2 protein chains.
Amino acid sequence: MSENNPAAENKVPVFQKVIDHLRDEIRSGKLPEHSALPSERAIGKQFGISRMTARRALLAVEQEGLAYSSGRRGRFVSPQRLTYDISKTVSFFAHAESGELGLKIELISKQLTQADAALAAKLAVAEGDALYKYTRLFLLKGHPAFVEEEFAVAHLFPDLFSHDLQQSTTLLMEREYGMPPHSGDISIRMRALNEEEAGLLGLPTYNAGIELEQVIYGSDGKPFCFGRQIWRGELAEFSAHAIVTG
Amino acid sequence: MSENNPAAENKVPVFQKVIDHLRDEIRSGKLPEHSALPSERAIGKQFGISRMTARRALLAVEQEGLAYSSGRRGRFVSPQRLTYDISKTVSFFAHAESGELGLKIELISKQLTQADAALAAKLAVAEGDALYKYTRLFLLKGHPAFVEEEFAVAHLFPDLFSHDLQQSTTLLMEREYGMPPHSGDISIRMRALNEEEAGLLGLPTYNAGIELEQVIYGSDGKPFCFGRQIWRGELAEFSAHAIVTG
DNA sequence: CCAATGTCCTGGTATATACCAAGGGAAAAC
DNA sequence: GTTTTCCCTTGGTATATACCAGGACATTGG
């Protein structure tokens with residue numbers, strides 16, 4: 001390895017071979033879901049390469065979504081991806097409940113805040129109007145899947161915070177306040193995680209994730225809730241059925 | 001820099017500061033779209049850090065989507081993100097044409113092939129049935145945006161390849177074959193690029209992108225085309241309007 | 001029995017160095 | 001004037017090394 005210039009080598013970078021090897025081990029099931037990958041030092045020794053090169057390969061595999069790192073404990077094989085049909089429901093929770101995904105919600109923070117210009121426009125309220133804001137972490141089978149920040153128009157949901165927020169808020173709003181969701185505007189993009197999100201999701205800070213934003217409208221056509229979810233990219237798949245118009 | 005243990009430093013990693021600095025330069029407009037970022041070596045010198053640390057910061061900024069690298073020419077500031085409304089149209093081209101995005105299509109390959117099990121199921125044909133397959137690269141203002149692989153049921157579109165494929169194929173199918181799109185099933189996920197895609201999009205191989213798959217149905221409710229697009233993650237945003245059912 | 005301590009493992013950060021390959025442009029050759 | 005050649009800059013790969021911080025776990029001390 002690492003001769004001055006073998007040139008006989010297929011020009012395939014060393015770290016690529018390691019990536020391919022790890023990918024195979026995972027895809028083939030030799031390494032089952034949530035099992036530990038070899039450590040950086042172990043891979044370096046196994047392949048006769050430096051730790052930094054092994055690390056490069058592991059980071060690539062991690063970024064690919066095949067593995068996730070868990071702080072300084074090690075890297076583990078990612079679980080299966082799950083699908084979220086955005087054209088049928090506006091609540092992931094309702095969707096997840098129907099299956100057997102062990103869904104758990106952790107409340108990270110809640111506060112009463114005021115609408116800034118962007119939120120005011122989205123929720124059709126005046127700038128400065130009171131909004132409930134709460135941040136929650138959603139776990140599937142004990143593993144972080146996405147972080148959601150939600151803003152609800154305060155005057156529509158008096159004493160919202162007196163209720164348990166570790167449940168579907170759209171269901172809560174429907175049951176307790178008679179505000180069923182009728183439709184939603186959704187947008188999806190890929191972006192980098194900020195520090196807080198990365199910490200909650202157990203990812204390196206500048207990893208990419210998928211952001212899903214949605215404005216939820218009631219039967220009267222007026223928006224009452226705005227949510228912003230940031231997903232671990234390897235976990236989510238969003239599906240929809242579109243009817244062609246105009 | 002790099003004393004044994006200052007501990008006075010705010011514990012903020014060096015590369016983070018560089019990232020923040022670059023982000024500011026880009027966000028503030030000091031570095032306009034498509035302008036060159038400082039090179040790895042230049043940043044190393046400027047901040048008094050090693051090239052590898054500077055590189056780390058640049059890769060993070062790149063991954064964030066704020067910059068793109070162009071082979072060994074350097075890194076440049078990314079252009080604005082654009083939005084693709086998946087609930088209204090099934091053709092990105094038609095969407096893009098309406099705006100002033102300089103859209104160009106490059107034909108990468110075309111062939112007549114046979115449906116494998118997965119494609120047969122998606123297109124409601126028998127396994128082994130003839131399909132047209134073509135791969136195209138879509139550029140916006142001269143910059144690669146996504147690669148699309150499309151499969152069309154062959155017997156519905158005789159001599160498809162005699163037409164110009166550097167245009168919207170849904171429009172082509174509608175105009176030349178009387179097969180307007182009626183609806184589509186779409187799914188979106190984040191995944192890593194393979195070598196070919198990365199090469200076409202000008203990205204490192206293991207980079208993440210957004211994959212959009214769609215089956216297009218005609219007025220008779222039968223599928224006639226399947227497409228798989230892989231987007232540069234920082235360029236795309238997908239929006240939809242959902243009506244809550246069930 | 002339980003708490004505190006210490007050791008070993010892990011990944012995270014940072015540096016210094018080396019060479020390669022490809023793009024770009026200036027200089028030299030035609 | 002045009003083509004060719006060469007050099008410089010750029011990113012890409014790879015290594016060796018160093019220290020930090022946090023989790024896991026066994027050992028020790030009360």
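This is a predicted model, so every value here is computed, not measured. Just so it is clear: chains get the letters A, B, ... in the order the sequence lines come, proteins before strands, and each one is counted from 1. Heavy-atom basis, side chains included; hydrogens, waters and symmetry copies ignored.
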Results of salt bridge (Lys or Arg N to Asp or Glu O under 4.0 Å) for E211(A) - residues two or more places apart only: R189(A), R191(A), R228(A)

Between C1' of dA21(C) and CZ of R73(B), the distance in whole Å: 14 Å

Euclidean distance, atom NZ of residue K17(A) to atom P of dT13(D) [Å, nearest integer]: 14 Å

Within the 4.5 Å heavy-atom criterion, are L201(B) and L193(B) side-chain neighbours or not? yes

Can you tell me how far C1' of dA14(C) sits from CD of Q16(B), to the nearest Å? 14 Å

F151(B) six-ring centre to K133(B) NZ/CZ under 6.0 Å and within 45° of normal: no

5'-most contact on DNA chain C (nearest-nucleotide basis), M52(A) vs L58(A), goes to L58(A)

Rounded to whole Å, please give me the gap between CZ in R72(A) and C1' in dC8(C). 15 Å

State which of dT13(D), dA14(C), dT10(D) makes the closest approach to the side chain of F15(B). dA14(C)

Classify the side chain of R51(A) versus the base of dG12(C) as yes if they form a donor-acceptor pair under 3.5 Å and no if they do not. yes

Whole-Å distance, K45(B) NZ to dA16(C) P, equals 15 Å

Taking the minimum atom-to-atom distance to the side chain of E40(B), which one of dA14(D), dG11(D), dT10(C) wins? dG11(D)

Side-chain contact check for R41(A): nearest option of dG12(C), dG12(D), dT13(C) is dG12(C)

Take atom CG of L59(A) and atom C1' of dT10(C), then tell me their distance rounded to the nearest Å. 14 Å

Given atom CZ of R56(B) and atom C1' of dG12(D), what is their separation to the nearest angstrom? 17 Å

Nearest to the side chain of V14(B) - dT13(D), dA14(C), dG12(C)? dA14(C)

Could you verify whether a donor N or O on one side chain and an acceptor N or O on the other, from S70(A) and R73(A), lie under 3.5 Å apart? yes

What is the nucleic acid contact for T53(A), judged by heavy atoms within less than 4.0 Å: base, sugar-phosphate only, or nothing? base

When you measure from the side-chain N and O atoms of R55(A) to the phosphate of dG12(C), is any distance below 4.0 Å, counting only OP1 and OP2? yes

Answer with yes or no whether the side chains of E33(B) and S78(B) bring together a donor and an acceptor at under 3.5 Å. no

Rounded distance in Å - CZ (R75(B)) to C1' (dG12(D)): 9 Å

S50(B) has its side chain closest, among dG12(C), dT10(D), dT15(C), to dT15(C)

